[in-house]
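Note that these values count all heavy atoms, side chains included, but never hydrogens, waters or copies made by symmetry. Below, chains carry the letters A, B, ... as their sequence lines are ordered, and counting in each starts from 1. Only a predicted model underlies this, so the values are computations on that prediction, with no experimental measurement involved.
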There are 2 protein chains.
Amino acid sequence: MTTAKDDLLSIRQMCDVFDVTPRTLRFYEAKELIAPLRRGTARLYTYRDRARLKLILRGKRFGFSLEDIRQLLDMYDRAPGQQEAQLRRTYELAADRLAQMERQRAELDEAIAELKDQMAWGGNVLAGFRNAAE
Amino acid sequence: MTTAKDDLLSIRQMCDVFDVTPRTLRFYEAKELIAPLRRGTARLYTYRDRARLKLILRGKRFGFSLEDIRQLLDMYDRAPGQQEAQLRRTYELAADRLAQMERQRAELDEAIAELKDQMAWGGNVLAGFRNAAE
DNA sequence: AGACAAGTTGACGTGCGCGTAAACGTAACG
DNA sequence: CGTTACGTTTACGCGCACGTCAACTTGTCT
C-alpha cells in the first residue's frame, strides 16, 4: 500500500505511518503546526499535512522546540504573497537557522570522530581478551 | 585568563565559562553526570569535570536525554579495567549511538540542502521587490 | 435496530530539565 | 565584630511534550 500524493489519511493511518499517537497529532494541531481537513468532525490528513509532520519530526530529532518548528513551517508556505518587510525577517531567521545547523553539522562530525576513536580503543581491548583466551 | 589543565574551578567560574547556572551543575551532579571534588562542602571542578560538561552540553544540542548522556559518559572513562561482558555491551551501545549519529548527519545534510533551496527561492522574491522599486 | 470500532473533546496526570525562594554555613574584609 | 560575598541543602514550582482516562458522537457492519 503506497500513499499517493492526493490520498487523505485518517488519524490512525497517520499514526501507523509516522509512528506517533493520536494525542500527538491533536496536540500539534492545537499548537497550530498542522491543520487537517475535516469530514464532519473527523480529521483528514492531506499530503501537505504529511510533509509538515515529516519536517516536525525531523526538527524534533535535532532538538528544536515545537515553537521553533512552527515558525520554520510558517516560513515554508506563508512565503508567497508576503510583504517585503515580513519576508526579509523570515529570510534572516532562516539564515540564522542555517548557520546554526551548519555549526551543528561541524560539531556532529567532531563527535562522530571522537566516538570512533573511543571505539577503536575499546575494540583493541576486546581483541586482547580474545588473544588471552586461547 | 586561560584555564590550565590542572586548574580547579569554583562553581561560579564554571558557570561563566560554560554559560550555565549553578542549579544546572548541581542538577547534573545529582543525576551523577559529574562528580566534582569538595573543599569542605564547596565544589571544585577539575579538568575531567570540564571535559565531561563539554560532552554533556554537546549531547544536549543533539537532542540526547541526560540519561542517554550519562551512559555515554560512563563508557568514556569506566572502560579501562572492565569485565569483557560489560565492555562488549558498552561497545555495542556505542555502535548503536554511532549509527544513530550518522543517520542524523545524513538527515541534517538533507535538511540543510532543503533550507538552502527555500532560501534561494525567497532570495529571488526579494530581488524582484528590489527591481520593482526603481 | 443493535453492536462495535474509530474518532471527538475536555480535563487531569506525568517525566524531564531545570528555576526559584528559604534558610543556613563560612571565609575574608574593613 | 558585623556584613558582604559566595557557597550549601531542601523543597516546591514551572513549561514543555505529551499520556491517560472519561464521556460522548459518528460512521460501518450485520
Side-chain angles (χ1 to χ4, degrees), chain A residues 1 3 7-46 49-50 52-74 97 100 104, chain B residues 1 3 7-46 49-50 52-74 97 100 104:
Chain A
M1 178 215 140
T3 58
D7 282 351
L8 296 178
L9 301 191
S10 73
I11 196 168
R12 194 52 19 233
Q13 290 174 316
M14 282 292 277
C15 292
D16 292 347
V17 171
F18 290 97
D19 194 32
V20 295
T21 69
R23 179 67 178 95
T24 300
L25 293 179
R26 296 192 193 104
F27 184 75
Y28 290 169
E29 187 177 346
K31 291 300 177 78
E32 300 183 73
L33 287 142
I34 44 182
L37 299 175
R38 296 294 182 123
R39 177 169 52 198
T41 75
R43 292 164 174 82
L44 286 179
Y45 295 88
T46 68
D49 294 319
R50 299 197 283 281
R52 290 173 73 93
L53 182 54
K54 188 178 168 188
L55 290 175
I56 293 168
L57 298 178
R58 168 187 289 168
K60 284 197 52 184
R61 263 170 262 135
F62 297 144
F64 292 125
S65 75
L66 292 185
E67 175 56 25
D68 286 345
I69 294 170
R70 195 186 59 74
Q71 292 184 34
L72 269 178
L73 286 176
D74 280 8
R97 288 283 189 229
Q100 186 181 345
Q104 201 168 152
Chain B
M1 180 216 139
T3 56
D7 281 352
L8 295 179
L9 302 191
S10 73
I11 195 168
R12 186 86 334 260
Q13 291 173 317
M14 282 293 277
C15 291
D16 292 347
V17 171
F18 290 97
D19 193 34
V20 295
T21 69
R23 179 67 177 96
T24 299
L25 293 180
R26 297 195 192 103
F27 184 75
Y28 291 167
E29 187 176 347
K31 292 301 177 79
E32 299 183 70
L33 287 141
I34 44 183
L37 299 175
R38 297 292 184 124
R39 176 168 51 198
T41 74
R43 291 164 174 83
L44 287 179
Y45 294 89
T46 69
D49 294 320
R50 299 198 283 280
R52 290 173 74 93
L53 182 55
K54 189 178 168 188
L55 290 175
I56 293 169
L57 298 178
R58 169 187 288 167
K60 284 196 51 182
R61 263 170 261 135
F62 298 144
F64 292 125
S65 75
L66 292 185
E67 175 56 24
D68 287 344
I69 295 169
R70 194 186 59 75
Q71 293 185 34
L72 269 178
L73 286 176
D74 279 8
R97 289 281 191 232
Q100 186 181 346
Q104 201 169 151

Peer 1: Under 4.0 Å: is that the gap between some side-chain N or O of B:Ser10 and OP1 or OP2 of D:dG7?
Peer 2: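 Looking at the OP1 and OP2 atoms of D:dG7, one of them is under 4.0 Å from a side-chain N or O of B:Ser10.
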Peer 1: Starting from C1' on C:dG19, measure out to CG on B:Leu25 and report it in whole angstrom.
Peer 2: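 It is 14 Å, rounded to the nearest whole Å.
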Peer 1: Would you indicate what A:Arg26 reaches in the nucleic acid, counting non-hydrogen atoms under 4.0 angstrom: base, sugar-phosphate, or nothing?
Peer 2: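 Result for A:Arg26 = base.
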Peer 1: Let me know the distance between CE of A:Met14 and P of C:dG7, rounded to the nearest Å.
Peer 2: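 It is 12 Å, rounded to the nearest whole Å.
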Peer 1: Got a donor-acceptor pair under 3.5 Å from the side chain of A:Arg23 to the base of D:dT20?
Peer 2: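 Pair found.
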Peer 1: Starting at CD1 of A:Ile34 and ending at C1' of D:dC18, how long is that distance when rounded to a whole Å?
Peer 2: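 Spelled out: CD1 on A:Ile34 to C1' on D:dC18 is 14 Å.
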Peer 1: Of the candidate nucleotides C:dC18, D:dC18, C:dT8, which contains the atom at the shortest distance from the side chain of A:Arg38?
Peer 2: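 That would be C:dT8.
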Peer 1: Round to the nearest Å and state the distance from A:Gln13 atom CD to C:dA5 atom C1'.
Peer 2: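 That distance rounds to 14 Å.
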Peer 1: Which one, D:dG7, C:dT8, D:dC18, comes nearest to the side chain of A:Ala42?
Peer 2: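 Looking only at side-chain atoms, A:Ala42 lies closest to C:dT8.
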Peer 1: Provide the closest heavy-atom pair for B:Leu8 versus B:Gln13 in the form atom of the first, atom of the second, distance.
Peer 2: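 For B:Leu8 versus B:Gln13, the nearest heavy atoms are O-OE1, 4.1 Å.
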Peer 1: Would you say B:Arg43 reaches D:dG7's phosphate, i.e. side-chain N/O to OP1/OP2 under 4.0 Å?
Peer 2: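 For D:dG7, OP1/OP2 do not have a side-chain N/O of B:Arg43 under 4.0 Å.
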Peer 1: Please report the distance, rounded to the nearest Å, between NZ in A:Lys60 and P in C:dC16.
Peer 2: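 Taking NZ of A:Lys60 and P of C:dC16, I get 15 Å after rounding.
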Peer 1: Using the ring of A:Phe64 (Phe, Tyr or Trp, six-membered ring only), decide whether A:Arg97 places NZ or CZ under 6.0 Å from its centre and within 45 degrees of its axis.
Peer 2: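 Cation-pi check for A:Arg97 and A:Phe64: passes.
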Peer 1: For the pair A:Arg70 and A:Glu67, evaluate salt bridge (charged side-chain N to carboxylate O under 4.0 Å, His left out) and give the outcome as yes or no after the intermediate values.
Peer 2: CA-CA 5 Å; A:Arg70 195 186 59 74; A:Glu67 175 56 25; 2.9 Å; yes
Peer 1: Given atom CD1 of A:Ile11 and atom C1' of D:dG27, what is their separation to the nearest angstrom?
Peer 2: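 Rounded to the whole Å, the gap is 16 Å.
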Peer 1: Just to confirm, is there a sub-4.0 Å distance from OP1 or OP2 of D:dC18 to any side-chain nitrogen or oxygen of A:Tyr28?
Peer 2: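 A:Tyr28 to D:dC18 OP1/OP2: side-chain N or O found under 4.0 Å.
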Peer 1: Given that A:Thr41 and A:Lys31 both sit by DNA chain D, which one's nearest nucleotide is further toward the 5' end?
Peer 2: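 On the 5' side of the pair lies A:Lys31.
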Peer 1: State, yes or no, whether a side-chain contact exists between A:Phe18 and A:Leu25 at a heavy-atom distance under 4.5 Å.
Peer 2: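 The answer is no, as the side chains (C-beta and beyond) never meet within the 4.5 Å cut-off.
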Peer 1: To the nearest Å, give me how far apart CZ (A:Arg39) and P (C:dA6) are.
Peer 2: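 Value for this atom pair: 15 Å.
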Peer 1: To the nearest Å, how far apart are B:Arg70 CZ and C:dG17 P?
Peer 2: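 Value for this atom pair: 12 Å.
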Peer 1: Measure from the side-chain heavy atoms of A:Phe27 and tell me the nearest of D:dA17, C:dC18, C:dG7.
Peer 2: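 Nearest nucleotide to the side chain: D:dA17.
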Peer 1: From C:dG17, D:dC18, C:dG19, pick the nucleotide closest to the side chain of B:Thr24?
Peer 2: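 The answer is C:dG19, which lies nearest to the side chain.
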Peer 1: So, does B:Thr21 get its side chain near the phosphate of C:dC18, meaning an N or O under 4.0 Å from OP1 or OP2?
Peer 2: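 No, B:Thr21 has no side-chain N/O under 4.0 Å of OP1/OP2 on C:dC18.
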Peer 1: Looking at every heavy atom in both A:Ile56 and A:Ile69, which two are closest together, and how far apart are they?
Peer 2: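 Between these two residues, the closest heavy atoms are O-CD1, 3.5 Å.
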